[in-house]
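Beneath this line is the structure, given in structure tokens, with notes to follow.
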Amino acid sequence: MATRYAIEGGLDIESAYQLSDIYIQESEKLQNTKDLYHLQYNMLLDFARRVAQAQIPHDITSDIYKSIQYIKQHTNHAISTSDVATYVGKSRSYLSRCFKKELGFEMREFIMRCKLEEAKSLLTYTTKSLSEISSYLCFSSQAYFQNVFKKKYGITPNEYRKQL
């Protein structure tokens with residue numbers, strides 16, 4: 001039901017089902033109902049947060065909207081600004097310029113931000129190892145993932161997980 005309502009709330013279908021699959025896999029590992037209730041609570045918070053993030057300002061062009069949707073749907077793929085431009089049907093330089101003008105930051109920064117936000121969710125709501133997370137999000141190596149995460153948030157992924 002959470003997946004269905006998240007889609008109705010604006011979360012793209014692919015992301016909603018990927019998230020649902022992650023929670024199903026995590027629930028299969030649990031041994032008692034207390035842990036299952038805890039996972040369910042965190043799942044609902046995660047879906048709600050993602051639906052809120054999916055709400056995109058209405059004053060952006062359709063090309064930028066399509067770009068944002070594509071990036072959010074492909075955080076677990078090795079995507080580049082060229083991939084996004086190809087999907088939207090515009091040149092990389094034109095789309096990058098429009099992205100920066102409309103949103104105030106580079107498209108490559110947004111791609112990394114989406115990957116790191118997904119990493120935070122995976123660290124929070126799953127027991128996946130850092131290696132699994134870095135691989136899932138298509139970082140070139142676990143060390144690179146950890147360095148980028150620490151640069152962005154000021155703490156390592158393990159420190160982040162321990163704080164929860």
Fill in the blank from the handout: Closest non-hydrogen atoms of Ser80 and Ile111, given as atom of the first, atom of the second and distance, are C-CD1, 4.0 Å
Exercise for the section: Check the angle between the aromatic planes of Phe99 and Phe105 and answer parallel, tilted or perpendicular using the 30° and 60° thresholds. Expected result: perpendicular
Problem - Side-chain touch Tyr23/Thr126, heavy atoms, less than 4.5 angstrom - result: no
Practice task
With Glu118 as reference, evaluate Lys128, Arg113, Arg49, Arg50 under the salt bridge (Lys or Arg N to Asp or Glu O under 4.0 Å) test and give the passing residue.
Solution key: Arg50
Practice task
Look at the side chain of Ser96 and the backbone N and O of Arg92, then say whether any donor-acceptor pair between them is shorter than 3.5 Å.
Solution key: yes
Practice task
May I ask you to say whether Glu159 pairs ionically with Lys162, meaning some side-chain N is under 4.0 Å from a carboxylate O?
Solution key: no
Handout entry: Minimum side-chain heavy-atom gap Tyr70-Val88 below 4.5 Å
Key = no
Handout entry: Closest contact, heavy atoms only, Lys29 versus Thr127
Key = NZ-OG1, 3.7 Å
Problem - Ser121 to Asp46 - nearest heavy-atom pair and separation - result: OG-OD1, 3.7 Å
Problem - Heavy-atom neighbours of Lys101 NZ exceed 12 at 6.0 Å - result: no
Practice task
May I ask you to check whether over 12 heavy atoms, not counting those of Leu30, lie within 6.0 Å of atom CG?
Solution key: yes
Handout entry: Under 3.5 Å: donor-acceptor pair, side chain of Asp35, backbone of Asn32
Key = no
Handout entry: Side chains of Phe145 and Ser141 in contact at under 4.5 Å (non-hydrogen atoms)
Key = no
Exercise for the section: Using modelled atom types only, decide if a donor and an acceptor are shared between the side chain of Ser27 and the backbone of Ile24 within a distance under 3.5 Å. Expected result: yes
Exercise for the section: Report, as yes or no, whether the 6.0 Å neighbourhood of atom CD on Glu8 holds more than 12 heavy atoms from other residues, nucleotides or ligands. Expected result: yes
Practice task
Answer yes or no: are there more than 12 heavy-atom neighbours, outside Tyr153 itself, under 6.0 Å from its atom OH?
Solution key: yes
Practice task
Could you tell me which non-hydrogen atom of Leu95 sits nearest to which non-hydrogen atom of Ala85, and how far apart they are?
Solution key: CD2-CA, 3.6 Å
Handout entry: Aromatic plane relationship, Phe149 with Tyr160 - under 30° parallel, 30 to 60° tilted, over 60° perpendicular
Key = perpendicular
Problem - N/O donor-acceptor pair under 3.5 Å between His38 side chain and Lys34 backbone - result: no
Practice task
State, yes or no, whether a side-chain contact exists between Leu116 and Leu137 at a heavy-atom distance under 4.5 Å.
Solution key: no
Problem - Short side-chain to backbone donor-acceptor contact, Ser20 and Ala16, under 3.5 Å - result: no
Handout entry: Closest non-hydrogen atom pair, Lys72 against Ser15
Key = O-OG, 3.6 Å
Handout entry: Side-chain (Glu102) to main-chain (Thr61) donor-acceptor, under 3.5 angstrom
Key = yes
Practice task
Spell out, yes or no, whether Tyr41 and Tyr37 are grouped together once hydrophobic residues are joined by side-chain heavy atoms under 4.5 Å, including indirect joins.
Solution key: no
Exercise for the section: For residues Leu103 and Ile60, determine if any side-chain heavy atom of one lies less than 4.5 Å from a side-chain heavy atom of the other. Expected result: yes
Practice task
For residues Ile133 and Pro157, determine if any side-chain heavy atom of one lies less than 4.5 Å from a side-chain heavy atom of the other.
Solution key: no
Handout entry: Check: Glu106 main-chain N/O paired with Lys100 side-chain donor or acceptor under 3.5 Å
Key = no
Problem - Heavy-atom side-chain contact between Ile22 and Leu122 under 4.5 Å - result: yes
Exercise for the section: Looking only at non-hydrogen atoms, find the nearest pair between Ala2 and Met43 and report the distance. Expected result: CB-CE, 4.1 Å
